[in-house]
Amino acid sequence: MKDLLNRSLSLGIGIIAQSKEQIEKTMEELVNKGELTRKESAEWVDELVKKGEEARQKIESNVMERVQRTIGERRDEGVTREEFNALLERITKLEQRLGESE
């Protein structure tokens with residue numbers, strides 16, 4: 001699940017990076033056509049990138065919240081890695097005791 005989450009976040013970051021390049025390209029075209037000044041273009045790019053970053057953070061937060069909720073819901077269905085390791089250690093100790101008494 002962690003790998004899936006990491007891949008999803010990487011995809012989102014990649015989309016944002018690609019979007020910034022596309023935004024810059026579009027703004028450059030508007031500057032070349034004389035519809036925007038370089039200063040206006042830079043301000044627009046900064047604003048759009050800022051909004052994109054805010055959207056990415058919201059998405060990331062929502063994903064993390066849903067993952068935590070899902071883990072909480074599934075908690076009753078299974079054990080955590082720590083609980084599993086603790087049980088495995090107890091079983092190993094019990095097997096060792098049984099082996100000593102035989």
Side-chain angles (χ1 to χ4, degrees):
M1 167 124 22
K2 186 176 180 180
D3 186 49
L4 175 63
L5 178 61
N6 285 335
R7 284 188 280 162
S8 298
L9 292 177
S10 294
L11 175 63
I13 291 168
I15 290 171
I16 289 169
Q18 184 179 3
S19 296
K20 181 181 179 193
E21 291 172 5
Q22 186 62 42
I23 290 168
E24 289 172 339
K25 181 179 175 184
T26 302
M27 291 299 151
E28 184 65 28
E29 289 173 7
L30 292 173
V31 168
N32 291 338
K33 290 179 181 179
E35 295 180 23
L36 282 178
T37 65
R38 290 244 177 246
K39 182 180 178 185
E40 291 171 327
S41 171
E43 290 171 356
W44 272 92
V45 168
D46 289 344
E47 181 68 23
L48 292 172
V49 168
K50 180 182 173 186
K51 287 184 179 185
E53 178 61 24
E54 289 170 357
R56 184 197 63 78
Q57 288 176 354
K58 283 183 180 180
I59 290 169
E60 184 177 328
S61 177
N62 286 339
V63 168
M64 292 300 291
E65 181 181 317
R66 287 183 182 206
V67 167
Q68 292 301 324
R69 192 174 338 132
T70 300
I71 289 172
E73 291 169 359
R74 297 187 72 199
R75 178 95 169 104
D76 296 334
E77 298 173 16
V79 296
T80 65
R81 173 59 70 186
E82 291 81 19
E83 292 169 330
F84 175 80
N85 288 337
L87 288 170
L88 188 58
E89 185 177 330
R90 287 179 63 193
I91 290 169
T92 302
K93 287 179 183 179
L94 287 171
E95 288 175 337
Q96 288 172 350
R97 282 190 204 165
L98 285 172
E100 291 171 3
S101 64
E102 290 180 339

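Keep in mind that what you see is a predicted model, and the values were worked out from it rather than measured.
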Measure the spacing between CG of L87 and CG of L94 and express it to the nearest 0.5 Å. 10.5 Å

Separation between NZ of K58 and CD of E54, rounded to the nearest 0.5 Å: 7.0 Å

Can you name the residues that form a side-chain contact (heavy atoms from CB on, under 4.5 Å) with E29, not counting sequence neighbours? K25

Keeping the roles fixed (side chain from S61, backbone from Q57), state whether a donor-acceptor pair exists under 3.5 Å. no

Can you tell me which residue among E89, Q96, R90 is in a side-chain contact (heavy atoms from CB on, under 4.5 Å) with T92? Q96

Tell me which one of N32, T26, V31 satisfies side-chain contact (heavy atoms from CB on, under 4.5 Å) with S41. V31

Can you list everything that forms a salt bridge (charged side-chain N to carboxylate O under 4.0 Å, His left out) with R81? Sequence neighbours excluded, please. none

T37 OG1 to E43 CD distance, which is reported to the nearest 0.5 Å: 7.0 Å

Looking at CD of E53 and CD of E60, how far apart are the two atoms once the value is rounded to the nearest 0.5 Å? 8.5 Å

Closer than 4.0 angstrom, basic N to acidic O: yes or no for R38 and E28? yes

